[in-house]
Amino acid sequence: MRHDVAHPSDDPAVEPEGASVHRKRLGSVVIIGASSPLGRRVVDLTVRDEAVGRVVAVDIADPDDAGTPPVAALAGGTGASIERFVVMAGDDLRGPLAGATAVLYLGWAAAGGLSQGGSDRIVAVADAVLRATEGVAPLSLVVVSSAMVYGAWTTNPVPLTDAAPVRPNPGFAPALALAEVERRVADWHDDHPANTVAVLRPVTTVAPDRPGWLARALRSALGFPVEDHDPPTQFLHVDDLASAVDIVRRSGVEGTVNVAPDGWLDGAARRALDVRPRIRLPEAVAARLHGWRWRLGVAPTPPELLPYAVHPWVVANDKVRSAGWVPEHTNEEAWVAGHPAGPLATLSPQRRQELILGGAAVAAAGAGVVAGGAIRRRRRGG
């Protein structure tokens, strides 16, 4: 474990500006996932809170990772002291959490991001956080989950409220892992009722020029939409998610909290933003196509994600709004910020259509070959 401390002044004879305020501060906030795009923004907002006297920035990573930003790159610069821990996965977190009044576990951001293959780590880090909070009370715990835990179903109301049931789609590992984290957090809260818990469920989150795995995977799936399905979608700017985490911590809001911009994009609005042409496919064909592209590594979309591109899972933001949160970015602005224009944007609509139709034909033919081979193997008993 590596531990660094940053203070407003290294000279004890020099009292930093605002030191009298700093002495009155009692809050100690631990932020797990501090060097992620979300974490850096949350750290910056937290050190600006005059009620916070100590910020503990924790990352779950290889301590020898040269790419991990130093404390100076994480903070905005106020009178609060900042301590930095980099721990190995599986390490005991009781040291970093000692004396905490609030713990912000940034979920998938702390565990290296959302992906079909990284779900076990999301649960493992959550377990480490919950174990480390034993004996720390009273404590405010804020956990970042995802609106994906609602699942994408034809029966979903539009929009889903914070009280909607958790029904992640079978086989989609990130949503199942986050639902499991939420279950363990609820059990922990039952055993520690003196503490307060808030679980944030943001929609698809993007950072400037960095759409993230989920946004890229959904965009890929929406490029081959299923016939008669054109679901509404939502996109959240990472700055707005960071401010929601900060508002929830400050306000003491408890329970589940949806985080999304106002409203959503309907199919027409989304197509207007995405210049790529698309071809509609029967659902069975689309499923085979996505499975083939995933197995060959030519697309980031596992077939288990397909329901999230076919059925609605948009959410209402009334609860976080009532706590004082105001999004600075619309769905449209977040989508544009997270999806830099590619080479197709410079082509004429007719040429784009020709390219996508040709690519779809090749992909569909390949999916047919794969499916035919599987059928022949089954018939041979292989």
Under the side-chain hydrogen bond (donor to acceptor under 3.5 Å, both in side chains) test, residues paired with [X] that sit two or more places apart:
| X | result |
| --- | --- |
| Asn258 | Tyr150 |
| Asn331 | none |
| Arg131 | none |
| Glu254 | none |

Spatial distance of atom CE (Met148) from atom CG (Leu305) [nearest 0.5 Å]: 8.0 Å
Interatomic spacing from CG in Asp127 to CG in Leu93 - rounded to 0.5 Å: 11.0 Å
Sub-3.5 Å donor-acceptor pair from the side chain of [X] to the main-chain atoms of [Y], do we have one?
| X | Y | answer |
| --- | --- | --- |
| Thr205 | Val203 | yes |
| Gln234 | Val315 | yes |
| Asn156 | Trp313 | no |
| Thr101 | Ser28 | yes |
| Asp59 | Ala34 | yes |
| Asp240 | His329 | yes |
| Arg183 | Ala179 | no |

Taking only Lys NZ, Arg NE, NH1 and NH2, and the carboxylate oxygens of Asp or Glu, determine whether [X] and [Y] approach each other closer than 4.0 Å.
| X | Y | result |
| --- | --- | --- |
| Arg40 | Asp44 | no |
| Asp246 | Arg48 | no |
| Arg201 | Asp162 | no |

Pairs meeting criterion salt bridge (charged side-chain N to carboxylate O under 4.0 Å, His left out) with involvement of residues 309-331, two or more places apart: Asp262-Arg321
No-hydrogen, no-angle side-chain donor-acceptor test under 3.5 Å, Thr133 and Trp188: yes
Would you indicate whether the side-chain heavy atoms of [Y] and [X] approach each other to under 4.5 Å?
| X | Y | result |
| --- | --- | --- |
| Trp335 | Thr233 | no |
| Leu139 | His192 | no |
| Leu45 | Val245 | no |

Fellow cluster residues of Trp264, listed by chain then number, with links counted only when side-chain atoms sit under 4.5 Å apart: Val158, Val314
Plane angle bin for Tyr308 and Phe172 - parallel if under 30°, tilted between 30 and 60°, otherwise perpendicular: tilted
